2 protein chains.
Amino acid sequence: MTKVVLNHGAGGEAMQEFLSKHIICHFPKVKTDVPLDSMDDSAVVDGIVFTIDGHTVKPLFFPGGDLGRISVSGTVNDIAVMGGTPLALGCSTIIEEGLDTDIVDRVMSSAGRTCQECGVPIETGDTKVVEAGAVDQMFMATSAVGRRSEYLDANFAKAKEYRTVTGNWCTDSNIAPGDAIIVSGYVGDHGIALMSFREGYGFESEVQSDVAPLNMMIEKALKAGGIVTMKDSTRGGLANTLNELASKSGVDIEVDYQSIPLRDGVVNACDLLGIDPLSIGNEGKCVVSCVPEMADEVLKALRSTPEGRDASLIGYAGKGNGRVMLRTEVGGRRILEPPIGDPVPRIC
Amino acid sequence: MTKVVLNHGAGGEAMQEFLSKHIICHFPKVKTDVPLDSMDDSAVVDGIVFTIDGHTVKPLFFPGGDLGRISVSGTVNDIAVMGGTPLALGCSTIIEEGLDTDIVDRVMSSAGRTCQECGVPIETGDTKVVEAGAVDQMFMATSAVGRRSEYLDANFAKAKEYRTVTGNWCTDSNIAPGDAIIVSGYVGDHGIALMSFREGYGFESEVQSDVAPLNMMIEKALKAGGIVTMKDSTRGGLANTLNELASKSGVDIEVDYQSIPLRDGVVNACDLLGIDPLSIGNEGKCVVSCVPEMADEVLKALRSTPEGRDASLIGYAGKGNGRVMLRTEVGGRRILEPPIGDPVPRIC
């Protein structure tokens with residue numbers, strides 16, 4: 001008899017296999033614009049962009065964020081990266097008996113402030129309380145619905161001035177050889193801030209979680225035009241995101257390590273801990289791919305926003321079959337493997 | 001410093017107060033067709049019916065159902081009772097490290113079969129695995145989106161042949177004096193089946209959970225017409241549902257105990273355990289209120305379906321201010337108080 005292990009929920013290859021073998025295979029298949037088995041950040045059903053995420057982050061409060069902020073931001077971002085404008089959130093909270101009500105208040109008021117910040121209200125919810133020991137303090141699942149962004153048609157029209165684009169939403173499979181690969185800012189901050197704070201390493205004084213809603217930034221980027229896909233870079237970090245994009249689009253992607261925004265604090269912490277900064281989850285960063293002719297415009301639009309001010313062009317897609325190549329600091333090239341899972345448990 | 005207690009999530013008055021004081025107060029207020037603070041079964045946002053529910057039922061498998069079936073059914077029912085046609089589900093699963101994968105398979109295949117049964121696919125999802133001890137086996141939060149039922153306009157038009165109806169969806173506040181109160185079948189089955197199985201009382205041989213999707217039954221009832229509201233009768237049972245309806249509609253409701261479908265097994269178990277069968281949660285029953293002139297038609301439609309074959313007219317609304325009166329077995333009348341919370345923990 002096989003047992004569930006932590007890596008089955010850690011965003012990498014082990015999770016993909018677990019989902020295929022034990023979750024998605026049991027659900028009826030249906031045809032919609034963006035169905036479940038495409039494993040995109042959101043589904044699109046009858047024009048409604050729709051997503052759900054469970055949040056089990058530990059601890060509830062960490063440098064730069066908390067359970068409430070991560071729950072709202074992560075779900076809003078999943079709608080936005082599909083090319084959707086988020087309309088409303090749903091919030092299901094599971095609380096352990098005996099938890100101080102002021103902890104509930106702090107999490108919920110942070111969720112409420114994040115709603116204000118991104119302009120997306122919580123419209124429906126559910127609260128369960130379970131006996132002590134049945135849940136670790138408090139978990140939150142958030143769901144969101146959205147509409148097609150008013151800028152999405154013009155965005156794709158702009159891309160089509162330069163090449164054929166078959167997709168109608170910003171799905172993972174849209175990248176073609178030649179497309180530019182952009183990351184919206186520093187990567188690895190969330191994972192290092194969280195792990196360091198939890199384990200007491202002390203790096204969290206320099207590195208704060210990047211958790212933030214990205215819908216305003218993404219709207220500006222779509223207005224620039226020429227984007228073919230976007231993807232929230234969470235569990236498994238940039239390495240996982242790039243591998244998923246390359247594999248689903250059937251291209252190779254080559255990125256340049258020197259161009260990837262990485263803080264010294266993140267690099268130092270990763271060196272000491274023996275982990276790869278490109279495999280650590282983010283909570284306020286996305287990868288954007290656009291036709292190369294529009295890369296400057298998209299970068300400019302991203303950099304005009306607070307969330308995207310450190311956006312960087314990190315590489316290009318080429319012909320291939322789903323590999324990600326990394327041009328290293330010393331000028332060599334190596335394959336950037338998809339991580340088995342995120343090295344930081346309970347990251348989100 | 002106050003602490004969270006089980007009754008804060010048990011569906012009764014204590015939960016209403018907890019939600020107002022510690023959850024909803026922190027969220028920005030917005031105007032939509034059916035907003036969060038109306039505390040209806042679903043919200044309606046820009047024509048999208050939208051809901052979310054966390055499921056922490058214990059044990060995962062019980063007589064008549066399991067976590068997968070309850071998660072799909074409960075969420076589909078929340079859309080349907082609002083007058084919505086459910087389109088798609090989202091499923092967020094949180095699993096404890098070390099759980100047998102065949103338990104995951106059994107829960108997920110049951111969820112998949114329930115999707116087939118009600119014709120609503122799971123279109124988006126998320127899976128987290130947490131370390132042993134951080135969650136009791138497996139929790140599931142489900143979300144759903146729906147559209148306005150194609151029968152809802154004609155249904156309200158039929159009601160308006162007899163009286164003014166201001167609401168445009170089947171919200172809790174729609175009942176007027178004179179309206180008929182119908183329950184769709186036997187109440188208390190789920191709570192007794194679950195508690196008896198869990199505690200080893202032995203009543204579960206006679207009483208099985210009623211957990212089922214009700215969207216097909218509700219569609220037939222709406223086709224009959226004249227319905228003003230419907231409500232899923234879960235935590236806190238019929239007593240809670242009737243009190244919420246009376247209070248939000250600003251009417252009194254009088255129901256006749258003799259007309260309420262109650263199995264002998266449920267009554268006997270409740271007598272022995274000293275609990276009120278009207279305060280125990282159901283997972284496949286709803287209260288339907290319609291203009292009295294259409295009560296026979298609505299009953300006939302409900303009874304023509306397997307889920308509604310035992311539907312019963314249990315009373316009427318009258319002028320008042322939110323009380324529920326119960327005509328007792330011996331012919332007396334007493335106030336049916338809203339329960340503080342459901343007497344069975346982890347019922348859903």
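Quick note: numbers below take in every heavy atom, side chains included, and nothing from hydrogens, waters or symmetry partners. Everything numeric here is computed off the predicted structure, so don't read it as measured data. Below, chain A is the first sequence line, B the second, and so on; all start at residue 1.
Between B:Asp172 and B:Lys248, at least one side-chain nitrogen of the basic residue sits less than 4.0 Å from a carboxylate oxygen of the acidic one, meeting the salt-bridge criterion. Comment: B:Asp126 engages A:Arg235 in a salt bridge, judged by a side-chain N to carboxylate O separation of less than 4.0 angstrom.
Identified under the ring pair (Phe, Tyr, Trp, His ring centres under 6.0 Å) test for residues 43-62 of chain B, with sequence neighbours left out: B:Phe62-B:His190.
In terms of heavy-atom pairs under 4.5 Å with chain B, the best-connected choice from A:Val135, A:Asp136, A:Asp105 is A:Asp105. If you tally non-hydrogen atom pairs under 4.5 Å between each of B:Gly125, B:Gly11, B:Pro345 and chain A, the highest count goes to B:Gly125. Contacts with chain B were tallied for A:Arg346, A:Met39, A:His8; A:Arg346 has the most, counting heavy-atom pairs under 4.5 Å. Of the residues considered (A:Asp102, A:Leu6, A:Val5), A:Leu6 shows the highest number of contacts with chain B, using heavy-atom pairs under 4.5 Å. Most heavy-atom pairs under 4.5 Å with chain B: of the set A:Thr114, A:Asp41, A:Val34, A:Val130, this distinction falls to A:Val130. Heavy-atom pairs under 4.5 Å with chain B peak, among A:Ala141, A:Ser109, A:Ala10, at A:Ser109. Of the listed residues (B:Val129, B:Leu19, B:Val145, B:Val45), the greatest number of heavy-atom pairs within a distance under 4.5 Å of chain A belongs to B:Val129. Options A:Gly133, A:Pro35, A:Ser143 differ in how many heavy-atom pairs under 4.5 Å they form with chain B, and the most are formed by A:Ser143.
Considering only heavy atoms from C-beta on, A:Thr234 comes within 4.5 Å of A:Glu283 through its side chain. In this structure the side chain of B:Arg198 reaches within 4.5 angstrom of the side chain of B:Pro59, judged on heavy atoms. Taking 4.5 Å as the limit, every side-chain heavy atom of A:Gln116 sits out of range of all side-chain heavy atoms of A:Pro121. Residues A:Arg113 and A:Glu117 form no side-chain contact, since every pair of their non-hydrogen atoms from C-beta on lies 4.5 Å or further apart. You'll find the side chain of A:Val120 stays beyond 4.5 Å of the side chain of A:Cys115, heavy atoms only. Using a 4.5 Å heavy-atom threshold, the side chains of A:Val57 and A:Phe139 count as separate. Side-chain contact between A:Leu60 and A:Ile103: present, with at least one pair of heavy atoms (C-beta onward) separated by less than 4.5 Å.
Taking CE from A:Met140 and CD1 from B:Ile52, the interatomic distance works out to 10.0 Å, rounded to the nearest 0.5 Å.
For residues 23-33 of chain A, a heavy-atom distance under 4.5 Å to chain B picks out A:Ile23, A:His26, A:Phe27, A:Pro28, A:Val30, A:Thr32, given by residue number. Contacts with chain A (heavy atom to heavy atom, under 4.5 Å) involve no residue of residues 68-82 of chain B. Residues of residues 90-99 of chain A lying under 4.5 angstrom from chain B, judged on non-hydrogen atoms, are A:Gly90, A:Cys91, A:Ser92, A:Ile94, A:Ile95, A:Glu96, A:Glu97, A:Gly98, A:Leu99 by number.
If you measure heavy-atom distances from A:Thr142 to chain B, the contacts under 4.5 Å come from the backbone alone. Residue contact with chain B, scored on non-hydrogen atoms closer than 4.5 Å, involves the side chain of A:Met15 exclusively. Looking at A:Leu89, only its backbone comes within 4.5 Å of chain B, counting heavy atoms on both sides.
Looking at B:Arg147, its side chain does come within 3.5 Å of a backbone N or O of A:Asp46 through a donor-acceptor pair. Between the side chain of A:Thr56 and the backbone N or O of A:Cys348 there is at least one donor-acceptor pair closer than 3.5 Å. Between the side chain of A:Ser110 and the backbone N or O of A:Arg106, no donor-acceptor pair lies under 3.5 Å. Without hydrogens or angle criteria, A:Asp232 side chain to A:Cys286 main chain gives no donor-acceptor distance under 3.5 Å. No donor-acceptor pair under 3.5 Å is formed between the side chain of B:Thr101 and the backbone N or O of A:Lys3.
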Q: Give the C-alpha distance, both sets of side-chain angles, the deciding distance and a yes or no for side-chain hydrogen bond (donor to acceptor under 3.5 Å, both in side chains) between A:Asp40 and A:Ser38.
A: CA-CA 6 Å; A:Asp40 270 291; A:Ser38 74; 3.1 Å; yes
Q. Under the side-chain contact (heavy atoms from CB on, under 4.5 Å) criterion, do B:Glu244 and B:Lys231 qualify, and how do the steps go?
A. CA-CA 10 Å; B:Glu244 276 198 50; B:Lys231 195 166 181 66; 3.5 Å; yes
